[in-house]
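These notes concern the structure reproduced below.
Values reported hereafter were calculated over all heavy atoms of this structure, with side chains retained and with hydrogens, waters and symmetry mates removed.
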Amino acid sequence: MTIRGWLIYSKQDAKENASFIQWFLDEAKKQQIDLTFMLREDLQIGIMNQRPTILNQNKPIDRPHFAIVRTVEPLLQLHLEQLGIKTFNSSYVSRICNDKMLTHLEVNKLNIPMVNMLFYNRKDLTNTPPLPYPLIIKNPTGRGGREVFLIKNDHDWVHFSQQTTFEHVLIQTTDVQQGKDLRVFVIGKKIIGAVLRESDTDFRANFKLGGKATWYNLSHSESALIQQIINHFDFGMVGIDFLFNHSGDLIFNEIEDVVGSRTLSAVSSINTVGKYLSFIKEKIELERQ
């Protein structure tokens, strides 16, 4: 029996990731997986006649064996799971990893090094910062480095506290090497590659923000540290991001749930999508035995 799956994107993200979507569809065909591209806006979820229900453009639809959910919406994954559809990533991974505060609380259980930080409600911010300058402020649910701010002085702090619309804020110290981080790509329980991202012009090293990327060879101790995190979760495909302290040691930063592979493709010939679909196919086949 053919394995059937959905690849779910929002309209806006689909426009920006057309080539990545086509890569998924092409690789699925090679692996004899029946993968259908779905727009999130076309799907309706809810409870009808006491049963969890999903519709496509308000019409019933045959359920697939799995769904690759490329939107940030843990509720969607949870609903699909209640319908018996296996999701990648799972609703649990999506819920934890799309909230930086929850991610840090979970990874902290493993005693993984991380910078000092405080969690605040926006309404509780005062005219005096709780940590010394310079400090970093993040929207805990932000993505791509776009809602991360370097606060250097009182003027920056007051301006941010008065203008921000974030419901919660994550405030961190800056005792790390600025403009430099490491993204480790993970599929299932395996590290598939690591990319060093650096910027000469910004304290953020994100590739989309103009940073440069180079392949990074992990040491044995670095791999062991990362494997602790991997073993703690049931990942599909994620990017685990680290900063570097002034001695060059890894400092945990965050986990990217809906991770792309632009940087990995830029520095290697690794077939990320092919590996991911092979992993999913194996998972589904094992569960159907």
Side-chain angles (χ1 to χ4, degrees), residues 1-49 51-94 97 185-193 230 233-239 257-262 264-265 269-289:
M1 186 183 294
T2 303
I3 295 173
R4 291 179 294 105
W6 290 346
L7 176 64
I8 303 174
Y9 270 85
S10 70
K11 285 182 182 177
Q12 183 58 43
D13 287 342
K15 290 178 185 176
E16 297 172 3
N17 294 276
S19 60
F20 198 53
I21 290 168
Q22 192 59 51
W23 190 2
F24 266 105
L25 298 176
D26 292 343
E27 286 295 333
K29 192 174 294 185
K30 290 178 186 176
Q31 298 191 34
Q32 298 180 316
I33 298 170
D34 182 3
L35 186 65
T36 303
F37 171 66
M38 306 287 285
L39 284 175
R40 172 62 184 95
E41 289 84 352
D42 288 342
L43 299 174
Q44 294 79 44
I45 61 173
I47 298 172
M48 304 286 286
N49 302 316
R51 294 174 179 272
T53 302
I54 187 162
L55 304 172
N56 181 34
Q57 298 181 346
N58 294 307
K59 296 177 182 177
I61 185 171
D62 290 338
R63 300 173 193 170
H65 299 105
F66 71 90
I68 302 169
V69 182
R70 300 288 294 177
T71 64
V72 178
E73 190 181 358
L75 177 64
L76 175 60
Q77 276 113 309
L78 182 61
H79 192 81
L80 293 172
E81 288 161 6
Q82 288 193 206
L83 287 163
I85 302 168
K86 191 164 185 66
T87 63
F88 298 90
N89 288 311
S90 69
S91 61
Y92 174 78
V93 167
S94 181
C97 297
F185 291 85
V186 173
I187 293 177
K189 296 297 180 185
K190 296 180 180 178
I191 297 169
I192 63 166
I230 294 171
F233 290 91
D234 187 15
F235 291 137
M237 182 170 73
V238 298
D257 164 33
V258 185
V259 68
S261 65
R262 285 182 181 87
L264 191 62
S265 296
S269 58
I270 294 172
N271 186 346
T272 314
V273 170
K275 287 179 178 291
Y276 192 20
L277 286 172
S278 293
F279 165 78
I280 291 171
K281 185 177 181 180
E282 183 178 344
K283 278 271 188 184
I284 301 300
E285 288 177 339
L286 283 172
E287 289 192 358
R288 292 172 60 196
Q289 286 178 0

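Closest approach of W6 to D62, counting heavy atoms only: CZ2-O, 3.5 Å. Heavy atoms only, all atoms of each residue included: L80 and A67 are closest at CD1-CB, 3.9 Å. Here the shortest heavy-atom pairing between A28 and L277 reads N-CD1, 3.5 Å.
Side-chain contact check for N17 versus W23: every heavy-atom pair is 4.5 Å or farther apart. Side-chain contact check for L83 versus I54: some heavy-atom pair is nearer than 4.5 Å. Looking only at side-chain heavy atoms (C-beta outward), Q77 and S90 stay at 4.5 Å or farther from each other. By the 4.5 Å heavy-atom criterion applied to side chains, L264 and I192 are counted as neighbours. Looking at heavy atoms from C-beta onward, L25 lies out of side-chain contact with K29 at the 4.5 angstrom threshold. A 4.5 Å side-chain heavy-atom check between M237 and T272 finds at least one atom pair inside the cut-off. Taking the side chain as every heavy atom from C-beta outward, I68 and T87 never approach each other to under 4.5 Å. Side-chain contact check for D257 versus F235: every heavy-atom pair is 4.5 Å or farther apart.
In this structure a side-chain-to-backbone donor-acceptor pair under 3.5 Å is present from Q31 to G274. Using modelled atom types, no side-chain atom of N56 and backbone atom of K59 make a donor-acceptor pair closer than 3.5 Å. Looking at R70, its side chain never comes within 3.5 Å of a backbone N or O of L7 through a donor-acceptor pair. Proximity of a side-chain donor or acceptor of H65 to a complementary backbone N or O of R4 within less than 3.5 Å is detected. Although no hydrogens or angles enter the test, the distance criterion places a donor-acceptor pair under 3.5 Å between the side chain of S265 and the main chain of S261. At least one donor-acceptor pair under 3.5 Å links the side chain of N89 to the backbone N or O of G236. Counting only distance, with no hydrogens or angles, the side chain of E81 and the backbone of S91 share a donor-acceptor pair below 3.5 Å.
One finds the CZ atom of F88 at 6.0 Å from the CZ atom of F279 (value rounded to the nearest 0.5 Å). Atom CD1 of I45 sits about 10.5 Å away from atom OG1 of T53, to the nearest 0.5 Å. The CD1 atom of I61 sits 7.0 Å away from atom CG of L43, with the distance rounded to the nearest 0.5 Å. Atom-to-atom distance recorded for I21:CD1 and L35:CG is 10.5 Å, nearest 0.5 angstrom. With values rounded to the nearest 0.5 angstrom, E16 atom CD is found 14.5 Å from K11 atom NZ.
Within 6.0 Å of NZ on K189 lie more than 12 heavy atoms contributed by other residues, nucleotides or ligands.
Legend: salt bridge (charged side-chain N to carboxylate O under 4.0 Å, His left out) pairs involving residues 277-289, not counting sequence neighbours, sorted by first then second residue: K86-E287, D234-K283. Pairs of residues two or more places apart, or lying in two chains, that qualify as salt bridge (charged side-chain N to carboxylate O under 4.0 Å, His left out) and include a residue from residues 34-44 are R40-E73.
Ring-plane geometry between F233 and Y92 is classed as tilted, the angle between the planes lying from 30 to 60 degrees on a 0 to 90 degree scale. Below 30°, between 30° and 60°, or above 60°: for F37 and Y9 the angle between ring planes is between 30° and 60°, a tilted geometry. Ring planes of F24 and F20: perpendicular class, angle over 60° (limits at 30 and 60°).
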